[in-house]
There are 2 protein chains.
Amino acid sequence: MEIIKYPDKNSWKEILQRPSFSLIELENTVGSILEDVKINGDSAIQKYALQFDKVKLNEFKVSDNEILNAENLLSSDLKNAINIAKQNIETFHISQKEEIKTIETTNGVVCWRKSIGIEKVGLYIPGGSAPLFSTVLMLGVPAKLAGCNEIILCTPSDASGKVNPAILYAAQLVGVTQVYKIGGVQAIAAMAFGTKSIPQVYKIFGPGNQYVTCAKQLISKEGIAIDMPAGPSEVAVIADESCIPSFVAADLLSQAEHGADSQVILVSNNLNVIENVNKELENQLKVLGRKTIAEAALKNSKAILVSTLEEGIQLLNEYAPEHLIIACKGENQLAENVINAGSVFLGNYSCESAGDYASGTNHTLPTNGYAKSYSGVSLDSFVKKITFQKLNKEGLKNIGKTIELMAQAEGLDAHKNAVTIRLK
Amino acid sequence: MEIIKYPDKNSWKEILQRPSFSLIELENTVGSILEDVKINGDSAIQKYALQFDKVKLNEFKVSDNEILNAENLLSSDLKNAINIAKQNIETFHISQKEEIKTIETTNGVVCWRKSIGIEKVGLYIPGGSAPLFSTVLMLGVPAKLAGCNEIILCTPSDASGKVNPAILYAAQLVGVTQVYKIGGVQAIAAMAFGTKSIPQVYKIFGPGNQYVTCAKQLISKEGIAIDMPAGPSEVAVIADESCIPSFVAADLLSQAEHGADSQVILVSNNLNVIENVNKELENQLKVLGRKTIAEAALKNSKAILVSTLEEGIQLLNEYAPEHLIIACKGENQLAENVINAGSVFLGNYSCESAGDYASGTNHTLPTNGYAKSYSGVSLDSFVKKITFQKLNKEGLKNIGKTIELMAQAEGLDAHKNAVTIRLK
């Protein structure tokens, strides 16, 4: 990794620039597929499945039999692991449930807020080299807890029409209601607009390649909600002399192996730490399965030497990393100053992969600096919070004058009149 | 209003179709203004202020003196009303603060979530016929409670360069940090990209005409968050024979006066109610200041006769109104079945204008059916919820095997290795 020493605060923005990420040139291609599925429904999906995934599909829905069989195809160890992860994710996300609090803001004026699950949600799970069944848990568990009625899942099949069994196992475990073996832009279109065989949903979640990301962005302009804007995955580690360089290197690599466009950042107040981590990176890279990908990602990556850890946290707040690992002494104190991050990992034993799989926190997080304004996926993402109010006559009397004066000053007579007529 | 009697469930979708609302044809015009401000900054803003608002601006920032003067220009009655409304909005929104709950999902694995205010937010308040100082309260109060550091407000001046004093009074009252007298697409661009005199923000809130709405949609593609997609305002009332038709008519008109594109829906299980409300509408329209606007809006509007109130609520869940008034006996029971709505008003004394101004709930709500997946503005809208986790060695031992198995099954060696190396 490139080492940058004591950068001036004015240069932070430039140093922290991410590899540029624009989807504008894809909009025409993606837009025409969306339009085609909107108009031609199932037959358009079949066409694109053949074209892109090289599979001839007569039926999109995964049958109950296929789902039952999936269970037999997995080792009991892996099923057990998935069950444990599901349990922890459930435990953490249940704690996000909001109780109804009834607030009497004025005598006779009672207001409250109630969370109600979004009726129909769609989860997209990419196929390809890594079958992300962990993402099925991360999206399906909160969807179920939120009380979403219809939870559909789209994921591409392989060329023989089969879906990865771990994805199917996780889907039935969390309570997905239907699984469809379709992928790519056509899957996003199907869930956004609905077709004869695939129901329309109100919100679409999940990762995908740049075509899928662009499709989600375009359908969000048509009123279908999406989880959040997406960009390449990233981690930042801040480490001092108390860190264990081999652990830090392992964490950086676990991010770097995601994709050649992933980015990792190391910040330290100690040049030795940076140099030792760099050495460890070289050692560990040699034996890595996804070595070529990780190597390419490290080329986008930087190690930054700062004067103090406090300055390091400031710099990282400017960067707003998706994942932030604090491998320093006094990590709790430093964490107090974190303002912009998706998820924060404290101390030497909180590796990012714990949160990616099994600690209980969600792994669908804001990338690309979006952590400055977006939260990761949580129970909140699957509900709408509806406000209610009930005024009795006394209550309206108490705030009626206020409403009348304000409505009048805004030039809205009828708003005023709705009060006046009741108090007459 | 057009009366539709006992429509078949299959026809609901068509009956409930909203007036079409598309911004695509504005994208080129709006996009070129955004681009101009992005490149040319303040001078582009001056140019558009002159062109659209007919005002020559040498300074955008509203001075402390102007803000002080504003206070003197308002009646003490109006100031008092604004203070009371602010107090109620504060009381309700404080109740939305989320305590930190620390959850030990497994022995030695501790996870929690912390809400942190978005550092920089921008509020847009339209000028024009109705000076929406109430919206300053609805956005500014939760922004301040959330702990946003920089809360900037843009609103157009009149041709003499003056900003409505009620807007300025409300802005200082809630703790807005800077007010800029600029409006339209150029204001959205300024907040999204920053200029020499106007700071960039991370999230933009507030209503506006279709150009402003289109601008917000476009900048959201560039990573600046927005409150929610917008459409024309709307109310639905469900009423039975216990309602007071003059109250219902007043509520329908208070929505209809917003704009010719507003929509109001009346649902009842009783034809007399519908006919009496229609008569009241005619009477009340005659004396209304914004009669022409309200009349036009009523042309988009419908009264629907249903067999039962339960069926009426089902139909309204399909419509997903921004505001829903339940003027029926057993209103609490009926409200239990509401799934899709922005804000719900129960009983004969809960008029929409109470929530618009002073009961304490927020009036920035999802329109256009977006209530199926979006919530209204709340304290949540001004924070990011960051997750944290801390595992000790024991904790990682407890879930290490789970992580290793899952990472391996997803083909992500380095994720697995981050655990293995720590447990060696």
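Below, chain A is the first sequence line, B the second, and so on; all start at residue 1. Predicted model only: the values in this text are computed from it and were never measured.
Here the CD1 atom belonging to A:Ile403 is positioned 10.5 Å from the CD1 atom belonging to B:Ile84, to the nearest 0.5 angstrom. In this structure, NE2 in A:His93 is found 8.5 Å from OG1 in B:Thr387, a value given to the nearest 0.5 Å. Interatomic distance, B:Asn149 CG to A:Ile339 CD1, rounded to the nearest 0.5 Å: 7.0 Å. The CG atom of B:Asn362 sits 13.5 Å away from atom NZ of A:Lys385, with the distance rounded to the nearest 0.5 Å.
Of the listed residues (A:Met406, A:Lys101, A:Glu404, A:Lys120), the greatest number of heavy-atom pairs within a distance under 4.5 Å of chain B belongs to A:Met406. The most heavy-atom pairs under 4.5 Å with chain A, out of B:Met228, B:Gln255, B:Glu336, B:Gln408, come from B:Glu336. Chosen from A:Asn340, A:Leu253, A:Val419, the residue pairing most often with chain B at heavy-atom distances under 4.5 Å is A:Asn340. Of the listed residues (B:Ala85, B:Ser375, B:Ala250), the one with the most heavy-atom contacts under 4.5 Å to chain A is B:Ser375. The residue among B:Ile421, B:Ile399, B:Val344, B:Leu423 with the most heavy atom pairs within less than 4.5 Å of chain A is B:Val344. Comparing A:Ala249, A:Ser359, A:Ala341 by heavy-atom pairs within less than 4.5 Å of chain B, the highest count is held by A:Ser359. Among A:Gly289, A:Ser134, A:Gly108, the residue with the largest count of heavy-atom pairs under 4.5 Å with chain B is A:Ser134. Of the listed residues (A:Thr361, A:Ile82, A:Val109, A:Val201), the greatest number of heavy-atom pairs within a distance under 4.5 Å of chain B belongs to A:Thr361. Looking only at heavy-atom pairs under 4.5 Å with chain A, the residue among B:Asn80, B:Asp380, B:Thr91 that has the most is B:Asp380. Chain B forms more heavy-atom pairs under 4.5 Å with one residue of A:Lys416, A:Arg113, A:Lys221, A:Lys203 than with any other, namely A:Arg113.
Between B:Asn332 and A:Lys390, the closest side-chain pair of non-hydrogen atoms falls below 4.5 Å. When side chains are defined from C-beta on, A:Lys401 counts as touching B:Asp77, because their heavy atoms get closer than 4.5 Å. Residues A:Leu412 and B:Arg290 form a side-chain contact, since some pair of their non-hydrogen atoms from C-beta on lies under 4.5 Å apart.
Of all the heavy atoms in A:Ile386 and B:Gly342, the pair that sits closest is CG2-O, 3.7 Å. For A:Tyr370 against B:Gly223, the heavy-atom pair with the smallest separation is CE2-CA, 3.2 Å. Minimum interatomic distance between A:Gln284 and B:Asn417 (heavy atoms only, all atoms of both residues): OE1-ND2, 3.6 Å. The shortest heavy-atom contact between B:Lys384 and A:Lys372 is CD-O, 3.2 Å. In plain terms, the two heavy atoms of B:Ser373 and A:Ile118 that are nearest each other are O-CD1, 3.7 Å. Across all non-hydrogen atoms, the minimal contact from B:Ala358 to A:Thr402 is CB-CG2, 3.8 Å.
Only the side chain of B:Lys114 comes within contact range of chain A, with heavy atoms under 4.5 Å apart. Using a 4.5 Å cut-off between heavy atoms, B:Leu396 contacts chain A through its side chain alone, with no backbone atom that close. Heavy atoms closer than 4.5 Å to chain A are found nowhere in B:Glu90, neither backbone nor side chain. With a 4.5 angstrom heavy-atom cutoff, A:Leu137 touches chain B only via side-chain atoms. Contacts of B:Gln87 with chain A are absent, with no heavy-atom separation under 4.5 Å from either backbone or side chain. For B:Val121, no part sits under 4.5 Å from any heavy atom of chain A, backbone or side chain. For a residue to count as touching a neighbouring chain, one of its non-hydrogen atoms must lie under 4.5 Å from one of that chain's; by this rule B:Leu285 does not touch chain A. B:Ile103 touches chain A through its side chain: at least one heavy atom from C-beta onward sits under 4.5 Å away, while N, CA, C and O do not. Proximity to chain A is limited to the backbone of B:Ala371, based on heavy atoms less than 4.5 angstrom apart. Heavy-atom distances place both the backbone and the side chain of B:Ala225 under 4.5 Å from chain A. With a 4.5 Å cut-off on non-hydrogen atoms, B:Gln217 touches chain A through its side chain but not through its backbone.
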After noting the C-alpha distance and the side-chain angles of A:Thr106 and B:Asn88, does the key distance pass the side-chain hydrogen bond (donor to acceptor under 3.5 Å, both in side chains) rule?
CA-CA 7 Å; A:Thr106 298; B:Asn88 285 347; 3.0 Å; yes
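Between the side chain of B:Glu410 and the backbone N or O of A:Phe133 there is at least one donor-acceptor pair closer than 3.5 Å.
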Throw together a table of side-chain donor-acceptor distances under 3.5 angstrom for residues 347-355 of chain B, partners on residues two or more places apart or in other chains.
{"unit_1": "B:Asn348", "atom_1": "ND2", "unit_2": "B:Ser242", "atom_2": "O", "d": "3.4"}
{"unit_1": "B:Ser350", "atom_1": "OG", "unit_2": "A:Leu391", "atom_2": "N", "d": "2.8"}
{"unit_1": "B:Ser350", "atom_1": "OG", "unit_2": "B:Leu346", "atom_2": "O", "d": "2.7"}
{"unit_1": "B:Glu352", "atom_1": "OE2", "unit_2": "B:His323", "atom_2": "NE2", "d": "3.4"}
{"unit_1": "B:Ser353", "atom_1": "OG", "unit_2": "A:His415", "atom_2": "O", "d": "3.0"}

